[in-house]
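Atoms within each ligand, like the ligands themselves, are counted from 1 in listed order.
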Amino acid sequence: MVEIVEPNTCVRGCCTSSTIPLHLPPSSYALLAPIARGSESTVYDARLGGARVAVKKPVLSTADDLDKFHRELQLLCKLDQPGVAKLVAAHARPPNYMLFFQFYESRNLAEKLHVQEWSPSIYQVLTIACDLAKALQYLHNLGIVHRDVKPANILLDKDLRPHLADFGLAMYKKDLKHVSVENWKSSGKPTGGFHKRNMVGTLIYMAPEILRKDIHTEKSDVYSFGISINELLTGVVPYTDLRAEAQAHTVLEMSYTEQQLTAAVVSEGLRPILAHHDIGAPSDLLSLIKRCWDPNPLHRPSFDDIVEELTFIMEHVEKVSCPSLVSPSNQCQNGMMDLQYFKELNWYDQGEQSARITNAAKSNMRLWASSFNESHYHPTLSWGSFATCGRRETMEDTHFMLPQMCNENDVHAFGIFDGHRGAAAAEFSARALPGFLQNAGYTCSPTDALIKAFTRTDEAFRDGLVLHRNSKRIIQKDWHPGCTAVAALIVRNKLFVANAGDCRAILSRSGHPFPMSKDHVASCADERTRVIKEGIKVKWLVDTWRVGPAALQVTRSIGDDDLKPAVTARPEITETSLTADDEFLVMASDGLWDVLSNEDVISIIKDTVKEPAMCSKRLATEAVERGSKDNITVIVVFLRPVSTAERIY
Ligand SMILES: Nc1ncnc2c1ncn2[C@@H]1O[C@H](COP(=O)(O)OP(=O)(O)OP(=O)(O)O)[C@@H](O)[C@H]1O
Ligand SMILES: [Mn+2]
Ligand SMILES: [Mn+2]
């Protein structure tokens, strides 16, 4: 990539390599945007000789930090294994100290699981586990312990293969024996002792012997590996799982301190909830995970054992699962093919294409540029979501999150769609509505833009349906998919909520629920009267009021072209000015509100760790526990700054 210039060493001469350039002419590289900022370093998206790389630039404030940099570089120069993040170059001379790595496109495993909500197949879990075990086996054979194995340090490439990164704490085992634990923990930083920075995010992956402040061995990496693979399998951050019994501690909630977690892991043998057989995890894998997190390091397997066992499990899974891919049950009979094709049209793409961004939007115009006075209160946002199929077999909910819409720092939009009679309308709307909203945003007020976005989405979807019905000669007259929708738009200090149907949005204002939408259901007298007036019958059926021959419970929706115009897509809009009293916004599909009251939702968030994705997940899990039988989608948006301590403990 870039030529090696002799002598190829760092400034001190302690780091050498015959293949990796260790000093670079400034013209050969360019740092672009930062992609991660830690307390010890910043990682940049960068270019080196034309290729995309990730550059880790450590903060070097003390002589110790410099020693640490050279140790890390010496070590990285020796590593060459496909499961280890590849160092491609370094610059180790004043004033610039940088490590250049091959770029891994699919972020780290923690983000993939908890931000993108990726749910891997068993085969993908086994592939990652196996690659990672081989990388750790390689390191241990070289006498190196990593000491910071956790999903955030596992980078995924575009094929989702893992690469172990962050050798900031890695050491030769022989050197560790001399280093007392106190030494690596406190390097004279102000708080001293067990520095918070080392704990945050890492504590839950630490073996009991480390928490007891004994020496780290390779078996401590085995423990962290076991915890990480279980997280990969369950999608649950350790100790946040609500399926646990009350006494099994949801440790990451505010009420638990790190001392309490440490005590529970060390003396009560507390561990995360093991993945369940239900999800198709082979029992051999589950028992392997359990042995990896055994309290006694001597009882944990070595990576030689782990690699061997995982290889065996993978071969077995391949044999069992491959034939089903071609099983006759998956093939459609001839007559069914067309209908199948029709339903499987990619409605997301259809939606995206209908709401293509207009020229106005491509120019330099600003969204709602003149709206609202800049001197007002400015909310500080953080957002997260969680969506689950729940007890249903299919997922008909969709959502979108558009923080900092069109690069406007203080314009944000979020939306949830709950499909019925199929997922088509919900899938279409999740992509179309944000586009229509943006296009309208250059010319209309926020309220009008929201109304336009809803009605245009509805029209475009119903037009699309007609078009496909005709062109594909599908005689499926009575297929009329629809969806309910709620969308929130924040423009500076103003919050607008548009709702059509029975999704709901509430604010927590001074600790109390403040409804931002009204449910549009046939049991609501006003709505029932309106629908009847527009010519559609409403009948009491079984247990509730239902609309038209389709027996819909909602009175407003996108789609449902058999019930238009009575079942209108026109949303009701609520508007409010945000102040420092507004803590957070919660939006969710009716799967949540069926079993949780507005008050329940507020109080659950109050005693959950202040991380929006975790709050969303906790609410959904709680709703499933309380018997919700529907799909559940939750978006939580904090409107005030949340301190790191509140987010982690
Ligand atoms: N080679 C890479 N390709 C893509 N992204 C990367 C790469 N290296 C690092 N990153 C991103 O930067 C983040 C931080 O990297 P790394 O863990 O090496 O830095 P760090 O400063 O030691 O972080 P911390 O100590 O806070 O965990 C990773 O989680 C990942 O999101
Ligand atoms: Mn890291
Ligand atoms: Mn690190």
Side-chain angles (χ1 to χ4, degrees), residues 1 20 29-49 51-61 64-66 68-73 75-76 79-91 97-116 118 128 131-132 135 139 144 146-171 184-185 187 189 194-206 221 224 227-228 231-232 237 611 613 644 647-648:
M1 203 186 292
I20 302 168
Y29 62 86
L31 305 195
L32 310 176
I35 45 181
R37 228 184 271 271
S39 51
E40 289 171 62
S41 67
T42 303
V43 177
Y44 294 86
D45 190 351
R47 299 291 178 274
L48 175 66
R52 190 173 189 191
V53 293
V55 169
K56 184 165 172 174
K57 202 172 176 193
V59 176
L60 301 174
S61 45
D64 267 1
D65 293 341
L66 257 180
K68 214 186 128 217
F69 177 86
H70 285 280
R71 258 206 319 271
E72 187 171 349
L73 180 55
L75 214 140
L76 286 167
L79 302 181
D80 184 13
Q81 203 272 344
V84 173
K86 178 143 188 54
L87 186 77
V88 293
H91 191 79
Y97 290 85
M98 294 175 284
L99 303 170
F100 291 68
F101 292 92
Q102 185 174 329
F103 194 89
Y104 299 104
E105 293 85 349
S106 306
R107 310 307 310 255
N108 67 54
L109 185 58
E111 288 179 353
K112 190 81 194 163
L113 288 173
H114 309 303
V115 179
Q116 296 187 4
W118 179 49
I128 290 177
D131 286 357
L132 207 58
L139 294 175
I144 297 167
H146 183 276
R147 307 204 306 162
D148 202 9
V149 174
K150 57 178 178 180
N153 285 339
I154 298 167
L155 307 177
L156 299 172
D157 63 25
K158 59 181 186 329
D159 302 321
L160 302 178
R161 302 297 287 245
H163 304 270
L164 186 60
D166 197 350
F167 285 72
L169 292 177
M171 284 203 123
W184 66 265
K185 280 173 200 153
S187 41
K189 295 285 178 343
F194 218 174
H195 196 266
K196 184 96 178 176
R197 187 190 53 204
N198 282 329
M199 304 289 295
V200 167
T202 303
L203 182 76
I204 52 183
Y205 305 99
M206 281 187 183
D221 282 349
S224 313
I227 302 277
S228 301
E231 180 172 338
L232 173 60
V237 177
E611 203 290 309
T644 309
R647 270 190 276 123
I648 306 291

Query - Test log, rule side-chain contact (heavy atoms from CB on, under 4.5 Å), inputs D148 and Y205 - result: CA-CA 8 Å; D148 202 9; Y205 305 99; over 6 Å; no
**Report entry** Test side-chain contact (heavy atoms from CB on, under 4.5 Å) applied to L48 and V88, step by step
**Finding:** CA-CA 9 Å; L48 175 66; V88 293; 4.2 Å; yes
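Contact annotation: for R107 versus ligand 1, heavy atoms closer than 4.0 Å belong to the side chain alone. Residue contacts with ligand 1, taken as heavy atom pairs separated by less than 4.0 Å, involve A152 solely via the backbone atoms N, CA, C and O. With a heavy-atom cut-off of 4.0 Å, L155 touches ligand 1 through its side chain alone. Residue contacts with ligand 1 for D148 are absent, since no atom lies close enough (heavy atoms, distance under 4.0 Å). Looking at Q102 against ligand 1, only its backbone comes within 4.0 Å, counting heavy atoms. With a 4.0 Å heavy-atom cut-off, ligand 1 is reached by no atom of A165.
Nearest to atom 23 (O) of ligand 1 by heavy atom, out of D166, L169, I154, is D166.
Contact record, F167 with L75: CD2-CD2, 3.9 Å, taken as the closest heavy-atom pair. The minimum heavy-atom distance between P58 and S41, with the atom names listed, is CA-CB, 3.6 Å.
Listed by number with element, the atoms of ligand 1 under 4.0 Å from a non-hydrogen atom of F101 are 1 (N). Of all the atoms in ligand 1, the ones that sit under 4.0 Å from a non-hydrogen atom of V43 are 9 (C), 10 (N), 12 (O), 14 (C), 15 (O). The contact set between ligand 1 and K56, taken as ligand atoms under 4.0 Å from a residue heavy atom, comprises 16 (P), 18 (O), 19 (O), 20 (P), 21 (O), 22 (O). Atoms of ligand 1 lying under 4.0 Å from at least one heavy atom of N153, given by number and element, are 17 (O), 27 (O). Under a 4.0 Å criterion applied to the non-hydrogen atoms of A54, ligand 1 contributes the atoms 1 (N), 2 (C), 3 (N), 7 (C).
Of the N and O atoms on the side chains of H163 and Q81, not one donor lies less than 3.5 Å from an acceptor on the other residue.
Residue E111 has no N or O atom closer than 3.5 Å to an N or O atom of ligand 1.
The shortest heavy-atom distance from E40 to ligand 1 is not under 4.0 Å.
No salt bridge links R147 with D221; every basic N to acidic carboxylate O contact stays at or beyond 4.0 Å. Classification of D166 and K56 as a salt-bridged pair holds, one side-chain N sitting under 4.0 Å from a carboxylate O. Salt bridge status for K68 with E40: present, with a side-chain N to carboxylate O gap under 4.0 Å.
Aromatic ring centres of Y97 and H91 lie farther apart than the 6.0 Å criterion allows.
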